[in-house]
Undergrad: 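Sharing a structure, written as C-alpha cells. Questions coming.
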Amino acid sequence: MNTDNHPLLNTATFIHNAIRQDLGADLTRLHTRFPPEPGGFLHIGSAKAVYINAELAQIYGGKFNLRMDDTNPVKEDARYVQAIQDEIHWLGYEWDALYKASDYFQIMYDCAVELIEKGVAFVCDMSAEEIRATFGGPGEAGTESPYRNRSIEENLDLFARMKAGEFSDGAKTLRAKIDMASPNLNMRDPVIYRIAHKEHSNTGNTWCIYPMYDFAHPLEDAIEGITHSLCGLEFIDHRPIYEWYVNQLDRFVRKPRQIEFAEINLTNTVLGKRHIRKMVAEGKIDGWDDPRLLTVSGMRRRGYPAAAIRDFLGNTGVAKAQSKVEFNLLEHYVREHLKDMARTVMVVLEPLKVTITNYPDEQTEMLDLAYDSGGAAAEDAVPATRAVPFSRAIYIEATDFMEEPEKKFFRLAPGREVRLKGAYAITCTGVVKDESGNITEILATYDPATRSGNDTSGRKIKGVLHWVEAAHALPIEARLYDTLVLDDDTAENGIVDNPHSLNLIPNALAEPALAAATADDRFQFMRQGYFCLDEIATAASGKPVFNRTVGLKSSYSAK
RNA sequence: AGGGCUGUCGCCAAGCGGUAAGGCACAGGACUUUGACUCCUGCAUUCGAAGGUUCAAAUCCUUCCAGCUCUGCCA
C-alpha cells in the first residue's frame with residue numbers, strides 16, 4: 001500500500017520518534033493492539049484508537065492485534081464481543097490476531113506467584129474502606145498495610161487459597177509491595193488481584209480471582225509481543241506501574257513501551273458513555289445506534305462513510321495536547337466523501353403546489369435526467385440517468401417562493417421567471433390564498449421553448465428550483481439532524497433532556513426514482529443536504545425514512 | 001496542597017537553534033440548469049508571560065502564569 005501521503009505521517013511525531021528509536025533498523029517489528037473492554041459499543045474515541053494502532057502497523061509493515069480486555073466479569077458481556085468486531089470491520093480494519101485477555105489468566109496467575117516469590121507482592125486482609133482510609137492522598141503519604149510483611153510462604157499459601165475460593169469477595173487482595181509514600185498514587189501498593197465469585201463469559205467458573213487492569217494490561221502486551229502500547233492520556237500516570245510489572249517479571253525479555261496520546265473531543269456532542277447509557281435508559285434516544293450519537297453504529301446509520309471518519313481521524317492529528325475539535329471539521333470530511341458518491345435527486349421537504357396553467361391538462365412527459373452530481377465511482381455503480389415525470393401540477397419548496405422577495409433572493413416571486421431544474425422555465429402569474437391569507441398554491445405559465453437541453457429562448461435565467469411532479473411523487477419522511485447543541489460539559493450539569501436537535505419532516509415528497517433506494521445509497525437532496533435511507537427506522541405511516549447525513553454549506557437561506 | 005501532562009491564528013496541527021507548513025472556519029472574487037461543487041485571493045512580524053544565552057530562539061536556560069489530570073478491590 002502507498003503510505004507516502006498518509007496523514008499520520010504529518011502528525012504523531014512523538015510516536016514516530018519512539019518507534020524509530022526503539023525499533024531502529026527493523027521497523028516491521030512494530031506490533032500494536034486495540035484492547036477494548038467488551039462492556040459497551042465503540043464510539044468515535046475508540047475509533048481513533050483503532051485508527052492509530054491499525055494504521056501505524058500498516059505504515060510500518062508491522063502487526064495489529066485486537067484484544068478483548070475482559071478481566072472484570074462484573075462489567076462485561078459477551079454480546080459486545082461480536083459487536084465490536086463488526087464495528088471495527090465496518091471502520092475498514094482487519095486484525096492480524098484476535099485474543100482475549102482472559103485466555104492469559106493462568107499465565108497472569110503464575111506471574112503473580114512469581115512476584116510473591118520475589119517478595120514484592122503480599123496478600124492483604126484490609127477491606128476496600130480500610131485501604132482507602134490508609135491510602136493517604138496527594139502530597140500526603142499513605143501508611144503501610146499491617147499485612148505487608150507476611151512471609152513469602154504465608155503469602156503463597158494465602159494466595160493459593162484465594163484462588164481456591166476459600167474467601168469471600170473483598171475479604172483479601174493480592175497487592176504489590178512498592179511504596180506507600182510515592183507521589184504517584186498508582187505506586188502505593190496497588191491491588192493486583194481481587195476476589196470475585198462471578199462467572200466469566202470466557203472462563204466460566206474456573207476463576208474466582210481476577211487481575212486488575214494495571215497488572216493485567218502490561219502482561220497482556222508482553223505476552224503478545226506488543227512493542228508499542230498506545231493508549232489515552234488518562235493512563236499516563238499508570239506508565240510507571242506498567243513498567244514496574246514488566247520489569248519485575250524476568251520471563252519477558254522484550255518489554256513493551258506504553259505511549260499516550262490525547263483522545264478526541266468534539267464540540268456540541270455527547271461522547272461520555274455514562275451520559276449515553278443514561279439517555280438510552282431514559283428513552284431520550286433510540287439506542288446506541290441513534291444517528292445523533294457519535295457511536296460507530298450511530299455514525300453508520302446516519303450515513304457517514306467509514307472512509308470519511310478515517311480521514312477525519314487522520315487529518316485531525318495525534319498529539320498530547322488536550323483539545324476539542326469543532327464539529328464542522330467532521331462534517332467537512334463527511335461532505336468531502338459524500339459529494340463524490342451521492343446522486344443528486346429532487347426532493348421537496350416542504351411542498352408548495354404550483355399549477356402550470358398553460359400546460360396541457362392530461363399530459364405527462366417523462367424527462368430523462370442525468371444524475372449530475374457524483375464521482376466516477378458512482379457513475380459505474382448506478383444508471384447515469386433516471387426518468388422524471390413532468391406535468392401541469394408540481395410541487396416546489398415553500399422556501400423557494402417569496403411573495404415579497406428580499407434583496408438577494410433570486411428564486412420565485414410574482415412576475416419572476418425561474419428554471420425548473422431539468423425541465424422548463426416558468427413565470428409566476430398568481431398566488432392563491434386561503435381565508436386566513438396563507439399561500440396555498442402558485443399559478444404559473446411555462447415557456448415550451450425553454451425545455452432543458454434544447455432551450456431556444458436565448459434567455460439566461462439565474463434562479464433554478466428543484467421540484468416534484470404531483471401525481472407520481474413518492475411520500476417520504478425526512479429526519480434532519482441539525483447542529484448538535486449539547487456536549488459532555490452541559491450533560492455533566494444534568495441537561496440531558498433534548499440531547500441533540502432532531503427535526504422531523506413527515507410530509508416530504510421525492511421523485512419516483514427514490515422508491516428503489518437502498519441503505520447503501522447516498523443522495524444529495526438538492527439544497528437540503530446529503531441523505532441516506534434509514535434501514536432501521538420506519539415511520540408510523542409506513543413511508544420510507546431518510547436521514548440527513550449532513551447539511552450543505554449555504555450562503556443564502558430564506559428565513 | 002504532592003505528582004504528572006499540556007500551552008503555536010476562532011478550532012485542530014506542523015516545527016526540535018537559522019528567521020512561523022497544512023486543514024477547518026472566515027472574508028473577497030470567478031464559474032455554475034440551485035446560491036452546492038470547483039477555482040483563484042486574503043487570513044499569526046508572532047509562538048502562555050517575563051528575563052537570559054546566542055550573530056540568530058517557537059525551538060536552549062531560569063522564573064512565573066494558565067488549563068487538564070491522579071486518592072476504584074473499573075478499564
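In what follows, every heavy atom counts, from backbone to side chain, and hydrogens, waters and symmetry copies are set aside. Protein chains get the first letters and strands the later ones, always in sequence-line order, with residue 1 at the start of each. Bear in mind that the values here come from a model prediction, so they are computed numbers and not experimental data.
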Undergrad: Can you tell me if A:Ser323 touches the phosphate of B:A13, counting only side-chain N or O atoms and a distance under 4.0 Å to OP1 or OP2?
TA: yes
Undergrad: Is it the case that the base of B:U38 and the side chain of A:Lys339 share a donor-acceptor contact (distance under 3.5 Å, atom types as modelled)?
TA: no
Undergrad: Write down the distance separating the P atoms in B:C65 and B:A49, rounded off to the nearest Å.
TA: 15 Å
Undergrad: Would you call A:Asp221 and A:Arg67 a salt bridge, taking side-chain N to carboxylate O under 4.0 Å as the test?
TA: yes
Undergrad: Take atom CG of A:Leu338 and atom P of B:U38, then tell me their distance rounded to the nearest Å.
TA: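 It works out to 13 Å between those atoms.
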Undergrad: Which letters describe nucleotides 15-27 of chain B, given B = protein heavy atom under 4.0 Å from base, S = only from sugar-phosphate, - = neither?
TA: SB------SSS--
Undergrad: Whole-Å distance between B:C5 P and A:Asn184 CG?
TA: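 The distance from CG of A:Asn184 to P of B:C5 comes to 11 Å, rounded to the nearest Å.
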Undergrad: Taking the side chain from A:Asp179 and the backbone from A:Arg188, do they hold a donor-acceptor pair closer than 3.5 Å?
TA: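 Not confirmed, A:Asp179 side chain does not pair with A:Arg188 backbone.
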Undergrad: What nucleotide, of B:C68, B:G2, B:A13, holds the atom closest to the side chain of A:Ala319?
TA: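 Shortest atom-to-atom distance from the side chain points to B:A13.
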Undergrad: Within 45° of the six-membered ring axis of A:Tyr530 and under 6.0 Å from that ring's centre, is NZ or CZ of A:Arg522 located there?
TA: no
Undergrad: Report yes or no: is there a donor-acceptor pair, N or O only, under 3.5 Å between the side chain of A:Arg411 and the base of B:G35?
TA: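 Checked by distance alone, the answer is yes.
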Undergrad: Given the C1' atoms of B:G3 and B:G15, what is the spacing between them in whole Å?
TA: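 B:G3 and B:G15 have their C1' atoms separated by 30 Å.
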Undergrad: For nucleotides B:C11 and B:U69, find the distance between their C1' atoms and express it as a whole number of Å.
TA: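 Result for the C1' pair: 22 Å, nearest Å.
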Undergrad: Measuring only the C1' atom in each nucleotide, how far is B:A44 from B:C5? A whole number of Å is fine.
TA: 26 Å
Undergrad: Verify, without hydrogens or angle tests, whether A:Arg194 (side chain) and A:Pro211 (backbone) share a donor-acceptor contact under 3.5 angstrom.
TA: yes
Undergrad: Can a side chain N or O of A:Arg194 be found less than 4.0 Å away from OP1 or OP2 on B:A75?
TA: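 It does, given that an N or O in the side chain of A:Arg194 lies less than 4.0 Å from OP1 or OP2 of B:A75.
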Undergrad: Write down the distance separating the C1' atoms in B:A66 and B:G48, rounded off to the nearest Å.
TA: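 One C1' to the other, the span is 7 Å.
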Undergrad: So which nucleotide from B:U33, B:G35, B:G2 ends up closest to the side chain of A:Lys421?
TA: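 Selected nucleotide: B:U33.
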Undergrad: Under 4.0 angstrom, heavy atoms only, what part of the nucleic acid is A:Gly463 near: base, sugar-phosphate, or nothing?
TA: nothing
Undergrad: When rounded to the nearest Å, what value does the distance between C1' atoms of B:U54 and B:U19 take?
TA: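 Their C1' atoms lie roughly 14 Å apart.
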Undergrad: For the side chain of A:Thr173, counting heavy atoms from C-beta on, which of B:A75, B:C73, B:G35 is nearest?
TA: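 For the A:Thr173 side chain, the nearest candidate turns out to be B:C73.
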Undergrad: Could you give the distance separating B:U63 and B:C68 at their P atoms, to the nearest angstrom?
TA: 24 Å
Undergrad: In whole Å, I'd like the distance from the CZ atom of A:Phe312 to the P atom of B:C11.
TA: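 Computing the A:Phe312:CZ to B:C11:P distance gives 16 Å.
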Undergrad: Remember a base hit wins even if backbone is also touched, and classify A:Ala12 as base, sugar-phosphate or nothing at under 4.0 Å, heavy atoms.
TA: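 Contact class for A:Ala12: sugar-phosphate only.
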Undergrad: Nearest whole angstrom, please: distance from the P of B:G35 to the CD of A:Gln528.
TA: 15 Å
Undergrad: Taking the C1' atom in each of B:G17 and B:C40, what is the distance between them to the nearest angstrom?
TA: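 Roughly 37 Å separates the two C1' atoms.
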Undergrad: Would you say the base of B:C5 and the side-chain of A:Lys320 have a donor-acceptor pair closer than 3.5 Å?
TA: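 Donor-acceptor pair under 3.5 Å: no.
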Undergrad: For A:Asp169 and B:C74, give me the distance from atom CG to atom P, rounded to whole Å.
TA: 10 Å
